[in-house]
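Scroll down for the structure; my scribbles are underneath it.
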Protein chains: 2
Amino acid sequence: MPRTPGQRAGLTRDAVLTAARTVFAERGLPGLSMRSVARELDVAPNALYSHVADKDALVDDLLDDLLGALDPPAPDAEPLAGLRGVMLATFDLLVVHADLVPLYLARQGARGENARALGAAMTVLLGHLGLDGDAAGRVVRALVVSTIGYAALATADGPALAPAQLRADLEVTLDWLLLGATRS
Amino acid sequence: MPRTPGQRAGLTRDAVLTAARTVFAERGLPGLSMRSVARELDVAPNALYSHVADKDALVDDLLDDLLGALDPPAPDAEPLAGLRGVMLATFDLLVVHADLVPLYLARQGARGENARALGAAMTVLLGHLGLDGDAAGRVVRALVVSTIGYAALATADGPALAPAQLRADLEVTLDWLLLGATRS
DNA sequence: CAGCTTACTGGACACTGTACAGTACGTCCA
DNA sequence: TGGACGTACTGTACAGTGTCCAGTAAGCTG
């Protein structure tokens with residue numbers, strides 16, 4: 001099992017990420033520690049630090065990774081439907097991965113590759129509605145904030161409301177926001 | 001300093017909370033541990049467990065406590081202005097206590113005494129606008145979610161947007177939501 | 001083949017929340 | 001007044017956490 005010092009396990013950043021994904025899938029966020037990831041890879045905990053700056057960076061990657069499961073709306077989609085669609089898909093995705101939800105807002109909605117791609121696709125659709133630049137950014141933020149926020153409510157433990165009802169609430173909220181943003 | 005076992009320090013739940021508030025004010029959330037609170041009280045860490053179920057309960061109390069600093073809007077206030085006012089005051093409060101923001105959403109916006117009082121006052125104002133029951137609850141949730149969400153963005157570390165701009169965004173968002181909720 | 005860089009190791013530090021068992025104080029009842 | 005009892009503490013300990021440091025050996029480069 002353990003190597004003698006100096007011997008290489010052939011780790012890569014990707015391998016670490018994959019292991020982290022596995023551990024997270026099996027044991028959730030509380031079970032995700034540097035040590036548990038290292039154990040998954042049959043490697044000493046500190047070995048990970050050759051490939052990942054620290055745990056935060058690892059989690060950041062994990063968060064953005066998850067967003068890769070979402071299809072950005074097509075640029076020629078009907079804008080309102082496209083925007084509602086991504087946000088609801090995002091909500092559904094977040095609800096499945098409850099542990100991660102609080103982290104998204106704490107890190108301003110993730111700043112990785114996939115997050116940027118989704119934001120860009122949304123901006124394109126907003127452009128078709130006549131919203132550009134700052135105005136578009138504002139709307140994206142408003143939509144994203146509500147979506148993550150409702151997901152947080154839906155995944156909070158305690159006497160929460162039914163996720164289905166919160167999803168319905170979110171739909172209404174998104175409509176209000178889009179209506180407000182687009183009324184001339 | 002340390003007592004011999006059996007001797008009483010005269011702790012109360014309130015004393016523990018006060019100490020927790022002090023520690024939190026001085027060292028922030030990362031500095032808030034059972035041990036640091038106990039040190040503040042010159043007491044062994046486990047002594048706290050005679051007065052508080054666990055750290056989560058302590059933090060819950062702290063969160064709701066903070067909301068006590070907010071004045072609920074008067075029942076006869078102009079509804080729209082009153083609602084916007086509380087939410088913006090909430091935003092300002094949360095931004096000052098950045099560490100706590102992620103916790104609020106994770107616990108569905110706090111479920112303590114003060115949180116309920118604010119919610120009730122908001123519901124009254126919404127009643128004046130013709131919104132009752134489920135409809136009012138939905139609007140309260142939408143407003144709260146956006147407010148905490150924007151506060152989370154404003155307090156996230158990293159290349160965030162300026163808090164002042166986010167506050168302005170929040171104002172616009174609140175207007176959209178209230179407009180959507182009240183348009184017949 | 002020498003030298004350097006790099007990926008790993010063991011061990012350690014300074015913490016964390018919390019459980020367990022023991023002790024002495026304050027209170028209440030006989 | 002005396003004895004029992006509940007309870008508020010204590011010390012000690014467990015099982016973890018993220019991360020740093022020093023050392024070692026393998027692989028690449030000249």
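Each chain gets a letter, A, B and so on, in the order the sequences are listed, and its residues count up from 1.
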* Asked: Does the pair B:R167/B:D92 count as a salt bridge with the N-to-O cut at 4.0 Å?
  -> yes
* Should A:Q7 be listed as having a side-chain N or O under 4.0 Å from OP1 or OP2 of D:dA25? -> no
* Asked: Between A:D42 and A:R3, is there a salt bridge with N-O shorter than 4.0 Å?
  -> no
* Asked: What is the nucleic acid contact for B:A9, judged by heavy atoms within less than 4.0 Å: base, sugar-phosphate only, or nothing?
  -> sugar-phosphate
* Under 3.5 Å, is there an N or O donor on one side and an acceptor on the other linking the side chain of A:R8 and the base of D:dG27? -> no
* **Short N-O contact, A:R84 and A:D175, less than 4.0 angstrom** => yes
* **A:M34 CE to C:dC8 P, straight-line distance once rounded to whole Å** => 13 Å
* Asked: In whole angstrom, what separates A:N46's CG from C:dA14's P?
  -> 17 Å
* In whole angstrom, give the distance that lies between atom CG of B:L58 and atom P of C:dT18. => 10 Å
* Asked: Whole Å only: how far is the CG atom of B:L48 from the P atom of C:dT16?
  -> 12 Å
* Structure fact -> A:R39 CZ to D:dT17 P, in whole Å, measures 7 Å
* Determine: side-chain N/O of A:H51 to OP1/OP2 of C:dT6, distance under 4.0 Å, yes or no. => no
* Name of the residue among B:L11, B:T12, B:V16 meeting side-chain contact (heavy atoms from CB on, under 4.5 Å) with B:D14 -> B:T12
* Asked: A:K55 has a side chain; which of D:dC20, D:dG18, C:dA7 sits nearest to it?
  -> D:dG18
* Please determine if a side-chain N or O atom of A:R3 lies less than 4.0 Å away from the OP1 or OP2 oxygen of C:dC8. => no
* Structure fact -> Sorted by position of nearest nucleotide on DNA chain C, 5' first, the leading residue of B:L32 and A:P5 is A:P5
* To do: Would you kindly give the CG-to-C1' distance between A:D56 and D:dT19, to the nearest whole Å?
  => 13 Å
* Check the side chains of B:R21 and B:T18 for a donor-acceptor pair under 3.5 angstrom, ignoring hydrogens and angles. => yes
* Given C:dT16, is OP1 or OP2 found less than 4.0 Å from the side-chain N or O atoms of B:S33? -> yes
* Go through the N and O atoms of the side chain of A:R35 and the base of D:dG16, and report whether any donor-acceptor pair is under 3.5 Å. => no
* Counting side-chain heavy atoms from C-beta on, which of C:dT9, C:dG17, D:dG18 comes nearest to B:Y49? -> C:dG17
